[in-house]
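Accompanying notes for the structure given below.
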Amino acid sequence: MRSHYCGQLNASHIGQTVELNGWVHHRRDHGGVIFIDLRDREGLAQIVLVPETTEIFKLAEQVRNEYVLRINGAVRRRPEGTENPELPSGAIEILVSNLEILNRSDPIPLPLDEHTQKISEDVRLRYRYLDLRRTEMQNHLITRANIVQFLRRFLDDKGFLDIETPMLTKSTPEGARDYLVPSRTHLGQFFALPQSPQLFKQLLMIAGMDRYYQIVRCFRDEDLRADRQPEFTQLDVETSFMDEQDITNLMETMIRQLFMAILGIELPNPFPRLTYAEAMQRFGSDRPDLRIALELVDIKDLMVEVKFKVFSTPANDPKGRVVVLRLPQGNSLLSRKEIDDYTKFVGIYGAKGLAYIKINAWNSKGRDGLQSPILKFLPDTAIEGIMQRTGAEDGDLLFFGADQASIVNEAMGALRVRLGQDLKLLKDQWCPLWVVDFPMFEWDKSAHRWSALHHPFTAPKLENTDSHGKLLGDLSNMLSRAYDLVLNGSEIGGGSIRIHQEELQRQVFNLLGISESEAEEKFGFLLQALKYGCPPHGGIAFGLDRLVMLMTHSTSIRDVIAFPKTQTAACLLTSAPSAVNPKQLEELGLRVHLRTTTTTKSLSN
RNA sequence: GGAGUGGUAGCUCAGUUGGUUAGAGCACCGGCCUGUCACGCCGGGGGUCGCGGGUUCGAGUCCCGUUCACUCCGCCA
């Protein structure tokens, strides 16, 4: 067994005899002396072989990269002038007295060298066990383990119980597409893998467990992104008898202490809070990246009477929005071609164009000092209003968004972030915030009905109910008791106070177009449980992968998951998913009927 | 479902207007080398240019289809 990890050796070990186990990172054979960088989880150490130890020197000549070695030797100070300051163990080396080749290795299909260029991701995924030997990936997984350990300790200290919930559960309507698992003992019926343990954790509150947490895998069969995997990990939390202030305060403390413990970083205290409405108004997003100082400025009222339909139509539409995004000193930052590229960019979000005004010399020349194709449509009053409201100065560039509010928010919100990234306008700091006062419902245009913005178990704000718990007022303005935690433009957590009265839960189902009988069939167990002394309760769930991604400065959650799936939800390492044995299908009472002719997928290309 | 980028040696890439035998670095193999640390020097092997079709005297290069990976839109309570 090893006595030390390679990477932990330093000058304090000089004179000691050690045993190391590890992989050959590099071998430098000088004929008369051989150096091997031996690597393990904790780092590198240089081991030295000299011809005087004839037998093991011969062995060392056979050694190749990624061979697995066990060595014994004496730690000694390196000769003067041969220290390597790049290496934590660079002051010392190990003179080998015994060497055993525990295993050989074929040449590996990807370099582990930190100096080489980026390796394509499909190669990395195909040989993930080799990719994970890289220092960067090892550090990611170590950091992830440390984060999980911290969160468990914190919650355990606060009296939270780690309780497991089923992986084989009931398919529910609404929400994401379920992964289904056929039942052998109930032919023709299916389990679903949980999209989250939402209902079980509510039942645990009804069961009186009071404080629950779980680090739990969740499954959603939807299309993927850099920050979305079909199976992902949540830190899931639920408490009884706490209101939204209590919960967000506690969770904020947890995150603040986590950043101090893992990264030594002090987050703001308290985290800023924004209402959903304000976030949308100022940033066009419910997860604003506050590292970027740019903001949207409303000018709808100034455009009501202009003779430019692109602006006046949304200005006169109650659902329309007209905004300006001011880019300070943008004239010199952006070329005409770049502005055209941004016009294409906002087109992705449905914007029909991207009007702009260059402020060349407003101070000296007034409107003659402005430059824009749309200038001729705008009367002096409108221009003065824009200049005043945006506080624009000479050299600035103004971008305009005018359309349905949803399109303006998405397009200009995305433009704001994109400009921030492209022009390096991001502050070098961590910007967490709570977004609160979410709408309870949103209108689903394709389904022609209301749907829950958070989920159907979220409680409405108290002012929306009468003393008997009956919902009052206009659905489109009703606010919920939901809250999201946003960090640098990523939603890393979200939760709410839940509905704990049966009657109110039935009303919400009803408003969401879930019939009485469907509610019984799908959620009967919940409705019944709510009758038996359900405590007021609420909770939150954090996207652990996203949190680790941000904390390790990764750009994809795949880089913090040991064995992630590709964008088409395939595993390149195991070639999952795959066809199954006909006998297995028969036992399940299933027959595969494919729409297309592709029955077998080629695994290699 | 849609848009974009890419696929050439084990890896990372270059490959001109369509024209001789498809190149480089790293890795690999053989030889040399006692203080290197991305060691060095000499020599060598290695290619279904993702796949299928088309245009052409001739295709890595042009066209069509398809597939895989990535980014994004839709989707993701």
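Model, not experiment: these values are computed from the prediction. Lettering follows sequence order; numbering is per chain, from 1.
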Only counting residues at least two apart or in another chain, list the ones meeting side chain to side chain contact (heavy atoms under 4.5 Å, CB included) with A:A279.
A:L274, A:P288
Atom pairs under 3.5 Å, N or O on each side, protein against nucleotides 9-12 of chain B: can you list them with distances?
from: B:G10; atom 1: O2'; to: A:P109; atom 2: O; distance (Å): 3.0
from: B:C11; atom 1: O4'; to: A:P109; atom 2: O; distance (Å): 3.4
from: B:U12; atom 1: OP1; to: A:S120; atom 2: N; distance (Å): 2.6
from: B:U12; atom 1: OP1; to: A:S120; atom 2: OG; distance (Å): 2.9
from: B:U12; atom 1: O2'; to: A:Q117; atom 2: OE1; distance (Å): 2.4
from: B:U12; atom 1: O2'; to: A:Q117; atom 2: NE2; distance (Å): 2.9

Just the rounded figure in Å: distance from P of B:A69 to CD of A:Q229.
12 Å
Distance between the P atoms of B:U34 and B:A22, in whole angstroms?
41 Å
A:D227 CG to B:C75 P, in whole Å, measures 16 Å
Rounded to whole angstrom units, what separation is found between the CG atom of A:L130 and the P atom of B:A27?
17 Å
Quick check: A:F35 with A:H26 (ring centres under 6.0 Å apart)?
no
May I have the distance from A:R546 (atom CZ) to B:C76 (atom P), rounded to whole angstrom?
14 Å
What about A:R228, does its side chain sit under 3.5 Å from the base of B:C76 through a donor-acceptor pair?
yes
Hey, can you tell me if A:F457 and A:H455 have their rings parallel, tilted or perpendicular (30° and 60° cut-offs)?
tilted
Taking B:G44 as the reference, what is the distance to B:G50 when you measure between their C1' atoms (whole Å, please)?
29 Å
Using a strict cut-off of less than 4.0 Å between a Lys/Arg side-chain nitrogen and an Asp/Glu carboxylate oxygen, indicate whether A:E66 and A:R39 qualify as a salt bridge.
yes
I want to check one thing: is the phosphate of B:A27, taken as OP1 and OP2, less than 4.0 Å away from some side-chain N or O of A:R64?
no
Interatomic distance at C1', B:C68 relative to B:C51, whole Å
10 Å
Between CD of A:E222 and C1' of B:G2 the distance, given in whole Å, is 16 Å
What does A:R124 touch in the nucleic acid at a heavy-atom separation under 4.0 angstrom: a base, only the sugar-phosphate, or nothing?
nothing
Within this structure, what is the NZ-to-P distance between A:K565 and B:C68, rounded to whole angstrom?
17 Å
Write down the distance separating the P atoms in B:C49 and B:C62, rounded off to the nearest Å.
16 Å
Give a yes/no answer on whether the side chain of A:R225 brings an N or O atom under 4.0 Å of OP1 or OP2 in B:C73.
yes
Are any of the side-chain heavy atoms of A:T275 and A:F438 separated by less than 4.5 Å?
no
Donor-acceptor pair under 3.5 Å: do we get one between A:R418's side chain and the base of B:C72?
no
Distance check needed: B:U5 P versus A:I348 CD1, whole Å only.
12 Å
Categorize A:L453 for me: base, sugar-phosphate, or nothing, with a 4.0 angstrom heavy-atom threshold over every strand shown.
sugar-phosphate
Counting Watson-Crick and G-U wobble pairs only, both distances under 3.5 Å, name the nucleotide matched with B:A27, or none.
none
When you check the phosphate oxygens OP1 and OP2 of B:C68, does a side-chain N or O of A:T568 lie under 4.0 Å from one of them?
no
Quick one: A:L224 CG to B:C68 C1', roughly how many Å, whole number?
15 Å
Expressed as a whole number of Å, how far does the C1' atom of B:C33 sit from that of B:G43?
15 Å
Can you tell which of A:H500, A:H537, A:R498 makes a side-chain hydrogen bond (donor to acceptor under 3.5 Å, both in side chains) with A:Q202?
A:H537
Just by distance, with hydrogens left out, do A:R28 and A:Q46 show a side-chain donor and acceptor under 3.5 Å apart?
yes
Is A:E231 salt-bridged to A:K565, cutoff N-O under 4.0 Å?
yes
Just by protein heavy atoms under 4.0 Å, how would nucleotides 34-48 of chain B read 5' to 3' in B, S and -?
BBBBBB---------
